[in-house]
Student: 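One structure coming up, written as structure tokens, with questions to follow.
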Amino acid sequence: MNKNQVVQVLEKIATYLELQGANSFKISAYRKAAAALENDARSMEEIEDVTALKGIGKGTAAVITELLEHGKSTELEQLQAEVPAGLPPLLKIPGLGGKKIAKLYAELGIDSAEALKKAAEEGKVQQLAGFAKKTEEKILKELETFGKRSETHPVWQLEQVVADIDAILATIEAIECFSVAGSYRRVKESSKDVDYMIASTAALAVKEALLEKVTYAEIVAAGDTKISFILPGEEGPSIDFRIVTPQEYATALHHFTGSKEHNVRLRQIAKDRGEKISEYGVEQQDGSVLTFESEEAFFNHFDLPFMPPTVRAGNAEFERYAEIPKLVTEADIRSDLHMHTTWSDGAHTVEEMGRALMAKGYEYAVITDHSQYLKVANGLTPERLAKQREEILRFNHANPTFNLLRGTEMDILPDGSLDFSDDVLKELDFVIASIHSSFAQPQEQIMERLHNALKNPYVHMIAHPTGRVIHQRDGYNPDMVQLLAWAKKYNKIVELNANPYRLDLCVAHLEMAAEAGVPVAINTDAHAIEQLRYMTIGTKYAQKAWLHKDMIVNTWSFEKFMDFLHTR
DNA sequence: GCCGTTTTCGGCCCGACTGTTTTCAGTCG
């Protein structure tokens with residue numbers, strides 16, 4: 001039984017305990033034990049003594065041992081015998097928790113969504129103590145969409161939502177400052193909802209402006225300081241706005257950015273010092289409350305450096321904080337090495353892209369249109385590629401402070417051959433190789449294709465090395481250990497494709513690349529000027545793998561980058 | 001259930017909102 005399965009059993013036990021109305025600390029003890037396993041980088045076999053992990057004690061260790069030795073849990077089986085299988089899914093209905101569901105089961109024998117619907121329609125639910133008409137109506141309403149609404153929303157969906165909401169909030173005068181918070185700010189690959197923190201001295205005016213300007217499908221809550229909507233569309237995510245005073249803003253933003261585990265760790269640190277953290281500030285022993293100008297000042301108060309939201313997982317950031325100043329940030333980025341123009345499937349010309357890159361403050365960049373194989377993307381033949389050269393030279397001539405390089409995103413064909421001959425490749429400054437076809441091949445064949453590209457002396461980088469699309473497809477499943485070993489051997493770059501649909505390599509693979517000493521490039525793969533903004537999310541994502549700026553080739557100066565290309 | 005300890009039991013992060021009840025429980029993040 002592997003770690004994922006063990007974690008799932010522990011979480012299942014917690015869920016069943018919840019439905020039995022068990023002690024809430026006991027429930028969270030099981031969840032903490034699951035999290036402790038999950039947050040440990042080692043496999044189940046590599047962990048000698050699970051009780052050495054903080055959060056795992058005698059009880060949960062016994063469950064784990066039984067699972068490993070016998071593949072089952074008596075504890076879980078016992079609970080499953082007592083709690084009907086139809087109850088756990090009901091926890092997903094907003095407004096219903098363990099206690100209410102337990103009551104519905106105990107008093108009305110409700111053990112499924114269907115039974116709940118029937119009882120609510122018959123008006124039986126509102127007769128229970130603690131329930132009433134509104135609760136019953138809400139249950140019926142939630143049951144309509146029950147099981148249909150997706151639980152989490154991929155980062156590529158939310159990236160657009162956040163861009164839109166940012167634009168709206170910027171127009172509301174009563175708002176002094178605002179920021180997205182929650183798991184989106186920590187750049188999780190998917191989030192349940194979107195959280196915003198707003199600083200204002202006129203909460204009511206902000207509330208009214210939000211109700212007026214944000215297009216929503218439904219109002220979930222509308223209190224004095226918390227407004228919550230479900231956004232339109234079949235998969236519309238929910239979005240929460242919290243309004244605090246400017247003094248409270250820094251601590252509130254920190255609190256609502258999480259993660260929960262990070263907050264717990266920090267609150268413990270505060271408690272040990274006789275202080276108490278809440279979203280409104282840090283309460284001192286004399287009852288006074290300290291507030292902070294910024295999150296930096298808040299962390300400094302606890303003698304900690306500013307921890308970027310992306311590393312706030314509740315573990316490594318408290319052990320590895322000396323490394324934080326070395327982590328890559330968007331300010332370190334000097335170029336973008338992967339983008340498309342109207343020559344292939346991009347929306348803007350070489351000239352337009354070049355100007356946008358200069359406006360971003362970059363020193364250099366590479367135009368990398370698709371190669372001829374990719375006909376759907378209007379891939380370039382060697383002849384058109386040669387013609388594009390003139391346009392790029394013209395741009396450089398007109399803009400001597402910038403270096404626009406000539407490149408290609410060349411397909412690695414299904415048979416393993418490369419789309420351009422060496423004679424074509426050697427004329428280019430920068431060559432990307434990537435797979436866009438025949439994802440379903442066996443791994444050996446995929447690896448052979450990648451090997452062919454990696455050992456070619458004119459290839460510099462493998463783009464989106466797994467081909468995954470978050471929540472949509474897994475990609476072509478390369479052997480990452482082997483791929484990185486070859487990249488190291490042939491001195492190639494692997495990409496972190498910053499397009500929020502991809503984020504490829506993923507965090508775990510990026511950690512492997514760092515470990516193997518393979519340089520990484522963070523690129524937007526922009527198909528339009530607006531998509532150059534993906535560098536923001538790309539650099540933040542890289543922080544999650546604790547990538548230092550010196551591992552990222554596009555933080556290097558133009559001279560250092562060119563040296564790397566020429567001396568490989 | 002876990003942890004820590006002034007070592008064997010008390011505390012476990014903390015607050016907003018809703019719906020219910022009339023001072024609070026449950027849910028949520």
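Quick note on labels: first sequence line is chain A, next is B, and so on, each numbered from 1.
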Student: Using a heavy-atom cut-off of under 4.0 Å over every strand shown, decide if A:Ala270 touches base, sugar-phosphate, or nothing.
Tutor: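 If one applies the 4.0 Å heavy-atom cut-off, A:Ala270 turns out to touch nothing in the nucleic acid.
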Student: Whole-Å distance between B:dT18 C1' and A:Glu137 CD?
Tutor: 14 Å
Student: Which glycosidic conformation, syn or anti, is assigned to B:dT8 if syn requires a torsion within 90° of zero?
Tutor: syn
Student: Once the angle between the rings of A:Phe229 and A:Phe241 is folded into 0 to 90°, is it parallel (under 30°), tilted (30 to 60°) or perpendicular (over 60°)?
Tutor: perpendicular
Student: Look at all strands and tell whether A:Ile277 reaches a base, only sugar-phosphate, or nothing, counting heavy atoms closer than 4.0 Å.
Tutor: sugar-phosphate
Student: Between C1' on B:dG29 and CZ on A:Arg267, what's the gap in Å once rounded to a whole number?
Tutor: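 Value for this atom pair: 11 Å.
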Student: Whether A:Lys99 contacts B:dG26 is assessed here as follows: a side-chain N or O lying under 4.0 Å from the phosphate OP1 or OP2. Is that the case?
Tutor: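 The answer is yes; a side-chain N or O of A:Lys99 sits under 4.0 Å from OP1 or OP2.
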Student: Of the options B:dC13, B:dT20, B:dG1, whose atoms approach the side-chain atoms of A:Lys134 most closely?
Tutor: B:dT20
Student: What nucleotide among B:dT20, B:dC17, B:dG29 has an atom nearest to a side-chain atom of A:Thr135?
Tutor: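 Comparing B:dT20, B:dC17, B:dG29 against the side chain of A:Thr135, the answer is B:dT20.
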Student: May I ask you to say what A:Gly258 touches in the nucleic acid, namely base, sugar-phosphate or nothing, with a heavy-atom cut-off under 4.0 Å?
Tutor: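 No contact at all - A:Gly258 keeps every heavy atom at 4.0 Å or more from the nucleic acid.
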Student: Considering only B:dG1, B:dG26, B:dC14, which nucleotide approaches the side chain of A:Lys26 most closely?
Tutor: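 Looking only at side-chain atoms, A:Lys26 lies closest to B:dG1.
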Student: What's A:Lys138 touching, base or sugar-phosphate or nothing? Going by heavy atoms closer than 4.0 Å.
Tutor: nothing
Student: Does B:dC28 pair with anything, Watson-Crick or G-U wobble, both distances under 3.5 Å, and if so, with which nucleotide?
Tutor: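 Across all strands, the one nucleotide that pairs with B:dC28 is B:dG15.
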Student: If you check every side-chain atom of A:Lys100, which of B:dG29, B:dT27, B:dT20 has the closest atom?
Tutor: B:dT27
Student: Using a cut-off of strictly less than 4.0 Å, decide whether A:Lys271 has a side-chain nitrogen or oxygen near OP1 or OP2 of B:dC12.
Tutor: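 Result: yes.
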Student: Reckon A:Tyr30 touches a base, only the sugar-phosphate, or nothing at all at heavy-atom distances under 4.0 Å?
Tutor: sugar-phosphate
Student: Taking only the C1' atom of each, what is the distance from B:dT6 to B:dG1 in whole angstrom?
Tutor: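 Going atom to atom, C1' in each nucleotide, I get 24 Å.
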Student: A:His70 and A:Glu66: side-chain donor and acceptor closer than 3.5 Å?
Tutor: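 On atom types as modelled, these side chains do not qualify, holding no pair under 3.5 Å.
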Student: Classify A:Ser28 by what it touches in the nucleic acid, base, sugar-phosphate, or nothing, heavy-atom distance under 4.0 Å.
Tutor: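 A:Ser28: no heavy atom of the nucleic acid under 4.0 Å.
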Student: Using a cut-off of 4.0 Å on non-hydrogen atoms, how would the nucleic acid contact of A:Ile93 be classed: base, sugar-phosphate, or nothing?
Tutor: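 Result for A:Ile93 = sugar-phosphate.
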Student: Give A:Tyr280 one of three labels, base, sugar-phosphate or nothing, depending on what nucleic acid heavy atoms sit under 4.0 Å from its own.
Tutor: sugar-phosphate
Student: Under 4.0 Å between any heavy atoms, over every strand shown, what does A:Leu53 touch: base, sugar-phosphate, or nothing? Just pick one.
Tutor: sugar-phosphate
Student: Is A:Leu96 touching bases, backbone alone, or none of the nucleic acid, heavy atoms closer than 4.0 Å?
Tutor: sugar-phosphate
Student: Quickly work out the A:Leu90 CG to B:dT27 C1' distance and round it to whole Å.
Tutor: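 After rounding, the reported distance stands at 15 Å.
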Student: Quickly work out the A:Leu79 CG to B:dG1 P distance and round it to whole Å.
Tutor: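 My rounded result for the distance is 11 Å.
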Student: Measure from CG on A:Asn23 to P on B:dC2 and round the result to the nearest Å.
Tutor: 12 Å
Student: May I ask you to say whether A:Lys544 pairs ionically with A:Glu189, meaning some side-chain N is under 4.0 Å from a carboxylate O?
Tutor: no
Student: Could you walk me through whether A:Arg242 and A:His255 pass the side chain to side chain donor-acceptor pair (under 3.5 Å) test, one step at a time?
Tutor: CA-CA 11 Å; A:Arg242 305 235 177 197; A:His255 173 82; over 6 Å; no
Student: Has the side chain of A:Glu317 got a donor or acceptor atom that lies under 3.5 Å from a matching backbone atom of A:Ala313?
Tutor: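 Pair found, side chain donor or acceptor close to backbone of A:Ala313.
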Student: Under 4.0 Å, counting only non-hydrogen atoms across every strand here, what does A:Lys133 touch: a base, just sugar-phosphate, or nothing?
Tutor: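 If one applies the 4.0 Å heavy-atom cut-off, A:Lys133 turns out to touch the sugar-phosphate alone, with no base involved.
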Student: Identify, between A:Gly97 and A:Phe25, the residue whose nearest nucleotide on DNA chain B lies closer to the 5' end.
Tutor: A:Phe25
Student: Rounded to the Å, how far apart are A:Ile27 CD1 and B:dG26 P?
Tutor: 12 Å
Student: With rounding to whole Å, what would you report as the distance between B:dT7 and B:dC17 at their C1' atoms?
Tutor: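 It comes out at 41 Å once rounded to the nearest Å.
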Student: Start at the 5' end of DNA chain B and walk down; is the nucleotide closest to A:Gln268 or to A:Ile227 reached first?
Tutor: A:Gln268
Student: Measure NZ/A:Lys188 against C1'/B:dG29 and give the value in whole Å, please.
Tutor: 13 Å
Student: If you check the A:Lys260 side chain, which of B:dC28, B:dC13, B:dA16 turns out closest?
Tutor: B:dC13
Student: For nucleotides B:dC14 and B:dT20, find the distance between their C1' atoms and express it as a whole number of Å.
Tutor: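 Roughly 23 Å separates the two C1' atoms.
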Student: Taking only side-chain N and O atoms of A:Lys32, does any of them lie within less than 4.0 angstrom of OP1 or OP2 on B:dG1?
Tutor: no
Student: Looking at A:Lys54, I'd like to know whether one of its side-chain N or O atoms comes within less than 4.0 Å of OP1 or OP2 on B:dG4.
Tutor: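 A:Lys54 to B:dG4 OP1/OP2: side-chain N or O found under 4.0 Å.
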Student: Distance-only, no hydrogens or angles: does the A:Arg320 side chain make a donor-acceptor pair with backbone N or O of A:Asn315 under 3.5 Å?
Tutor: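 Absent.
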Student: Say you pick atom P in B:dT5 and the same atom in B:dC12; how far apart are they, in whole Å?
Tutor: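 Their P atoms lie roughly 15 Å apart.
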Student: Look at the side chain of A:Lys226 and decide which nucleotide, out of B:dC17, B:dG29, B:dG1, has an atom nearest to it.
Tutor: B:dC17
Student: When rounded to the nearest Å, what value does the distance between C1' atoms of B:dG11 and B:dA16 take?
Tutor: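 Rounded to whole Å, the distance is 23 Å.
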Student: Nearest to the side chain of A:Asp193, heavy atoms from C-beta on, is which of B:dG29, B:dT20, B:dC12?
Tutor: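 It is B:dG29.
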Student: Where the side chain of A:Lys58 is concerned, which of B:dA16, B:dT27, B:dC2 is the nearest nucleotide?
Tutor: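 For the A:Lys58 side chain, the nearest candidate turns out to be B:dC2.
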Student: For the residue pair A:Gln284 and A:Glu275, confirm or rule out a side-chain donor-acceptor distance under 3.5 Å.
Tutor: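 Distance-only check passes for A:Gln284 and A:Glu275.
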Student: Provide the distance between the two P atoms, one in B:dT21 and one in B:dG26, to the nearest whole Å.
Tutor: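 Approximately 13 Å lies between the P atom of B:dT21 and that of B:dG26.
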Student: Check whether A:Lys271 reaches the backbone of A:Leu266 with its side chain - one donor and one acceptor, N or O, closer than 3.5 Å.
Tutor: no
Student: For atom C1', what is the distance between B:dT8 and B:dC13, given to the nearest Å?
Tutor: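 My reading of the C1' atoms in B:dT8 and B:dC13 gives 25 Å.
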Student: What's the CG-P distance between A:Asp240 and B:dG29, to the nearest Å?
Tutor: 7 Å
Student: Among A:Glu121, A:Gln127, A:Gln126, whose side-chain contact (heavy atoms from CB on, under 4.5 Å) with A:Glu136 holds?
Tutor: A:Gln126
Student: Distance check: side-chain N/O of A:Ser278 vs OP1/OP2 of B:dC13, anything under 4.0 Å?
Tutor: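 For B:dC13, neither OP1 nor OP2 has a side-chain N or O of A:Ser278 closer than 4.0 Å.
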